[in-house]
Amino acid sequence: MKNNKEYDVIIAGSGLAGLFAALNLPESYKILIVTKDTADLSDSFLAQGGICVQRDEDDYDSFMEDTLKAGHYENKREAVDVMIRESREVIQDLLTAGVEFDKNPSGDFAYTKEAAHSKPRILHARDTTGQEICSKLTLRVRERSNIEIMEGSRVVDILISSGRCWGVVVRRPGQPPENMLCSDVILATGGVGGLYPRSTNYPHLTGDALAIALRHGIRVKDMSFVQVHPTSLYTEKPGRAFLISEAVRGEGAILLDKKGNRFVDELLPRDQVTEAIYAQMEKDQMPYVMLCLAGHTEADIPVRFPGIYQRCLQEGYDISKECIPVVPAQHYFMGGIDVDLFSRTSLDHLYAVGETSCNGVHGRNRLASNSLLESLVFSKRAALDIQKHSREEIHPEFPKPDSAYYDKIEEENRDLVSKEIRKEPNHAE
Ligand SMILES: Cc1cc2nc3c(=O)[nH]c(=O)nc-3n(C[C@H](O)[C@H](O)[C@H](O)COP(=O)(O)OP(=O)(O)OC[C@H]3O[C@@H](n4cnc5c(N)ncnc54)[C@H](O)[C@@H]3O)c2cc1C
């Protein structure tokens with residue numbers, strides 16, 4: 001017996017990678033985006049600093065070298081090449097979708113610089129770049145009658161038969177798990193910050209697609225490559241760590257020890273600044289170091305960093321006048337489901353994009369503001385690759401999913417992914 005298919009493509013996740021994949025599929029395709037919380041609750045919306053772009057032909061070598069150097073030369077060079085060469089095209093796509101980046105008084109884009117970049121090549125919308133990009137893309141998605149967004153629901157498994165993927169198992173609130181069939185699946189479930197006590201990520205990002213991959217023997221890669229961001233606002237309150245973007249150091253902020261002395265070059269790659277901060281905290285026997293922007297920048301702080309300024313005010317600090325305590329926090333996952341340059345996983349008709357995938361762009365350590373760009377370039381590539389093959393009309397039959405089984409594996413997933421990530425020591429705890 002055969003089932004009729006329900007969708008052409010099902011996408012797990014409504015972050016930048018999921019949204020952009022959906023928008024790059026034809027309007028004749030029936031698309032479902034399943035997302036664990038509300039559509040806007042993704043790390044993509046939180047992005048502050050900006051998005052890299054190759055500014056001109058001359059910038060290629062230096063962009064390549066900055067990315068490779070930050071990644072300890074463990075990056076996949078072909079993937080970095082693709083990301084850089086396609087960067088201008090995807091930025092143009094964003095502009096066409098209505099995204100607005102900051103401009104200087106002469107009307108040109110106001111490029112900024114972040115740590116480990118040898119020149120300014122980062123487009124930004126004040127310090128709320130992710131919100132600007134994702135809110136516009138979400139609007140475009142909602143305008144498309146062929147795309148359905150299912151909020152508050154999670155993909156808990158994929159359906160496999162005859163060596164290929166045929167759909168997903170979804171859990172909607174208060175309902176038993178159900179099979180949803182399609183021709184192609186795109187996993188875009190983001191990072192793993194929810195597995196850490198101190199992270200800049202949303203807590204519901206728990207590497208769910210990684211758990212699915214591990215259970216089905218789908219190839220994963222670089223699972224111990226976890227990035228710790230050097231500067232999150234220190235607080236004793238529980239909850240998501242608030243990021244103080246690298247762009248703050250890019251605009252001049254310095255780091256000070258408890259005696260008020262500088263102890264590191266603030267513009268080194270993230271992992272090196274993090275190491276230096278941990279060492280200084282140990283030496284000073286302090287749970288934080290200080291970050292000082294006031295007096296070290298020409299920028300009008302409340303205008304250039306409105307999000308950070310306001311949040312720090314709520315916590316009792318005026319960054320336009322005083323230093324703030326900062327501490328490293330888990331931030332980004334460079335490893336993930338192993339994919340090729342078209343975001344194809346080791347299972348036919350299963351794609352992975354964004355932070356949940358590993359195409360090798362970032363190597364051992366991601367260069368600041370490369371992640372939004374990488375998500376755009378490789379989710380578009382997945383969408384274009386999907387259009388190269390035909391859509392299935394008839395699917396094999398799959399048994400009705402068993403609630404008790406999924407209760408059990410969902411409980412075990414955190415441990416499964418955590419163990420894999422923590423096989424080698426890193427600084428993310
Ligand atoms: C505070 C912060 C600031 C950042 N600043 C920058 C920056 O300036 N520049 C830059 O390049 N990068 C930045 N990053 C990194 C960047 O935002 C992310 O790496 C990138 O946006 C990841 O996009 P994504 O679509 O892969 O994942 P996300 O945007 O995290 O989206 C994941 C989606 O998957 C959904 N999901 C999870 N599990 C399931 C499931 N089981 N079923 C269905 N849906 C599921 C989630 O609800 C969410 O919608 C920042 C990250 C943070 C946390």
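First listed ligand is number 1; within each ligand, the first listed atom is number 1. We use all heavy atoms of the structure for the numbers below, so side chains are in, but hydrogens, waters and symmetry mates are not. Quantities reported herein were computed from a predicted structural model and do not represent experimental measurements.
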Looking only at distance, does [X] have an N or O less than 3.5 Å from an N or O of ligand 1?
X: Arg154; value: no
X: Leu373; value: no
X: Gly18; value: no
X: Asn201; value: no
X: Arg240; value: no
X: Ala17; value: yes
X: Thr356; value: no
X: Asp43; value: yes
X: Thr200; value: no
X: Gly50; value: yes

Under 6.0 Å from the ring centre and within 45 degrees of the ring axis: does the NZ or CZ of [X] meet both conditions for the six-membered ring of [Y]?
X: Arg381; Y: Phe342; result: yes
X: Arg422; Y: Tyr196; result: yes
X: Lys36; Y: Tyr202; result: no
X: Arg121; Y: Phe63; result: yes

Heavy-atom contacts under 4.0 Å between [X] and ligand 1: side chain, backbone, both, or neither?
X: His331; result: side chain
X: Asp208; result: side chain
X: Tyr202; result: neither
X: Thr206; result: neither
X: Leu243; result: side chain

Who passes side chain to side chain contact (heavy atoms under 4.5 Å, CB included) against Ala21, sequence neighbours left out? Ile11, Ile186, Ser379
Could you tell me whether a side-chain N or O of [X] sits under 3.5 Å from a main-chain N or O of [Y], the two making a donor and an acceptor?
X: Gln387; Y: Asn24; value: yes
X: Ser14; Y: Thr35; value: no
X: Glu315; Y: Thr235; value: no

Give me the residue, atom name and distance of the protein heavy atom closest to [atom].
atom: atom 14 (N) of ligand 1; answer: Arg366 NH2, 3.9 Å
atom: atom 23 (O) of ligand 1; answer: Ser44 OG, 3.0 Å
atom: atom 12 (N) of ligand 1; answer: Ser371 OG, 3.4 Å
atom: atom 45 (C) of ligand 1; answer: Lys36 CB, 3.7 Å

[X] near ligand 1 by a heavy-atom separation under 4.0 Å:
X: Gly130; answer: no
X: Ile51; answer: no
X: Gly191; answer: no

Glu236 versus Tyr234, side-chain donor and acceptor atoms under 3.5 Å: yes
Distance-only donor-acceptor check, side chains Ser232 and Arg198, under 3.5 Å: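 Note: Ser232 and Arg198 side chains meet the donor-acceptor criterion.
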Going by the rule ring-ring contact (aromatic ring centres under 6.0 Å, His included), which residues pair with His117 if we only count those two or more places apart in sequence or in a different chain?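 Here no residue qualifies.
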